[in-house]
Amino acid sequence: MLAKMNERSREIFKCIVESYMKTGAPIGSRTISRRLQMNLSPATVRNVMADLEETGLLFSPHTSAGRLPTVAGLRLFVDGILELGNLTEQERHSIDIQCVGSPDNLESLLKDATSALSGLAHCASLVTAPKTKSPLRHIEFVNLSPGRALVVMVTEGGIVENRIIQTPQNLLPSALVEATNFLSARLVGRTLGEAYDKILAELEDHRTQLDELTARVVESGLATWSGSGKEDQLIVRGQSHLLEDVKATSELEHIRALFTALETKEEMLKLLSLTDTAEGVQIFIGADNTLFNLAGCSMIVSSYQNSSETILGAIGVIGPTRMNYAHIIPMVDYTSKMISHFLRQQS
């Protein structure tokens with residue numbers, strides 16, 4: 001499509017899309033004529049706009065109004081015309097400090113990185129925290145206080161997961177050691193899914209030498225991990241940013257629909273799962289994906305990997321279709337690379 005555009009059509013189309021991204025409002029031929037570097041009359045601009053509308057790249061929301069880009073027009077602009085910007089040193093530092101300064105576990109890193117990305121992009125940000133598919137390398141119970149213990153699980157892929165569980169108030173420190181030894185003998189070298197049912201059956205059949213309190217600790221640990229490990233976890237931050245720059249009632253309706261989708265999470269997880277086999281930044285605009293049926297909204301996501309270059313999940317932002325793609329695309333890309341860097345260091 002771009003190859004068939006002459007310079008005049010290309011510049012007018014670019015002017016319309018860039019104006020839409022700044023204001024969200026239609027732009028007319030007279031305004032475009034004044035903004036263009038080339039000397040074109042409003043009548044000439046109107047003729048070009050009519051041609052672009054006929055090809056499906058523009059539309060007019062009202063009979064006498066200016067033009068707006070269609071989803072196809074936005075896709076063409078992002079794929080073929082958009083010039084990506086560069087992150088400032090301050091932006092890089094903000095992302096770096098969240099990733100480097102995070103506690104030594106993946107979930108905390110993802111939450112911090114997602115919060116940083118949301119704040120910088122002024123959009124809602126989201127990330128999938130992966131289910132634990134890798135065999136375990138280490139498992140340990142650590143006493144925190146009466147009634148509370150920290151469970152540390154390290155996979156062979158280098159992912160560290162920490163969970164706080166409730167324990168009996170009168171639990172002796174030796175019981176945590178015993179629980180650690182019991183699970184280490186059965187879990188290390190296996191995935192949680194492979195060993196879960198067998199361990200639970202062994203506890204229920206009383207075929208262990210564990211006392212009652214220690215068995216309760218083991219069951220609590222298993223319940224905690226199985227609850228977080230059956231499916232990817234979706235972490236969402238910064239939904240309030242979506243309300244900062246709403247220009248019209250129609251945009252507000254889009255944002256409300258987006259809030260509903262973020263709350264149910266199922267469709268978002270399906271969409272993010274598309275990055276499991278994709279490299280680089282993926283851009284979903286409006287309803288151009290059957291899973292993403294939110295007209296008026298776009299998502300920019302990028303996958304992150306471990307040291308084995310296995311894709312573990314994806315991080316990105318979601319917001320109005322007129323978001324600042326030139327700035328946000330490199331921001332998402334940099335954040336995903338920083339998470340991957342962190343995971344490689346943990347291996």
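Numbers here are sequence positions counted from 1.
- With a 4.5 Å cut-off on side-chain heavy atoms, Q305 and R344 count as touching.
- Note that CG of L171 is 10.0 Å distant from CD of E178, once rounded to the nearest 0.5 Å.
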After noting the C-alpha distance and the side-chain angles of L52 and M5, does the key distance pass the side chain to side chain contact (heavy atoms under 4.5 Å, CB included) rule? CA-CA 9 Å; L52 291 172; M5 279 191 192; 3.8 Å; yes
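- Under a hydrophobic-cluster definition in which Ile, Leu, Val, Met, Phe, Trp and Tyr are linked whenever side-chain heavy atoms come within less than 4.5 Å, directly or via other members, V152 and L144 are assigned to the same cluster.
- Here the shortest heavy-atom pairing between P26 and G66 reads CB-C, 3.7 Å.
- With a 4.5 Å cut-off on side-chain heavy atoms, T335 and Y304 do not count as touching.
- With rounding to the nearest 0.5 Å, the separation of CD in E7 from CZ in R10 is 9.0 Å.
- One N or O on the side chain of T180 and one on the backbone of F141 form a donor-acceptor pair closer than 3.5 Å.
- The backbone N or O of C123 lies less than 3.5 Å from a partner atom in the side chain of S118, making a donor-acceptor pair.
- Looking only at atom types and distance, the side chain of Y334 has no donor-acceptor partner in the side chain of N86 under 3.5 Å away.
- Within a 6.0 Å radius of CG in N6, more than 12 heavy atoms belonging to other residues, nucleotides or ligands are found.
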Verdict with reasoning, R8 to M38, per side chain to side chain contact (heavy atoms under 4.5 Å, CB included): CA-CA 8 Å; R8 183 173 62 183; M38 53 184 68; 4.1 Å; yes
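- Applying side-chain contact (heavy atoms from CB on, under 4.5 Å) to L117 and the options L126, I328, V317 leaves one that passes, V317.
- Under the 4.5 Å side-chain criterion, counting only non-hydrogen atoms from C-beta, I315 is not in contact with L110.
- Side-chain contact between T321 and V71 is absent, with no heavy atoms from C-beta onward closer than 4.5 Å.
- A donor-acceptor pair shorter than 3.5 Å cannot be found between the side chains of S184 and N181.
- Side-chain heavy atoms closer than 4.5 Å link hydrophobic residues (I, L, V, M, F, W, Y) into clusters, and following such links, possibly through other members, connects V142 to V154.
- Closest non-hydrogen pair, L58 versus P69, comes out as CD2-CA, 3.9 Å.
- Here D79 contributes atom CG and I285 contributes atom CD1; the two are 6.5 Å apart, rounded to the nearest 0.5 Å.
- Side-chain atoms of R75 come within 3.5 Å of backbone atoms of I283 as a donor-acceptor pair (strictly under, hydrogens ignored).
- Considering only heavy atoms from C-beta on, T55 stays 4.5 Å or farther from K4 through its side chain.
- For the pair Q98 and S115, the minimum side-chain heavy-atom distance is 4.5 Å or more.
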Step by step, would you call M21 with V17 a side chain to side chain contact (heavy atoms under 4.5 Å, CB included)? CA-CA 6 Å; M21 289 181 176; V17 177; 3.8 Å; yes
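- Not a single donor-acceptor pair under 3.5 Å links the side chain of S29 to the backbone N or O of V45.
- Panel note: side chain S19, backbone I16; no donor-acceptor pair is recorded below 3.5 Å.
- For the atom pair CZ (R67) and CZ (R46), the distance works out to 9.5 Å, reported to the nearest 0.5 Å.
- In this structure, the side chain of T128 engages the main chain of A314 through a donor-acceptor pair within 3.5 Å.
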Step-by-step side chain to side chain contact (heavy atoms under 4.5 Å, CB included) determination, H138 to M153: CA-CA 6 Å; H138 176 78; M153 184 168 61; over 6 Å; no
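- When side chains are defined from C-beta on, P330 counts as touching L84, because their heavy atoms get closer than 4.5 Å.
- By the 4.5 Å heavy-atom criterion applied to side chains, V48 and L40 are not counted as neighbours.
- Here the closest heavy-atom approach between residue M49 and residue I12 is recorded as CG-CG2, 4.1 Å.
- Residues L136 and L187 share a closest heavy-atom pair of CD1-CB, 3.8 Å.
- The CD atom of E83 sits 10.0 Å away from the CD1 atom of I81 when rounded to the nearest 0.5 Å.
- Under the 3.5 Å distance criterion, the side-chain polar atoms of S125 are matched with a main-chain donor or acceptor of T114.
- Minimum interatomic distance between R322 and G24 (heavy atoms only, all atoms of both residues): CD-CA, 3.3 Å.
- Between the CE atom in M331 and the OG atom in S336 there is a gap of 13.0 Å [rounded to 0.5 Å].
- Looking at every heavy atom in both residues, I318 comes nearest to M323 through C-CE, 4.0 Å.
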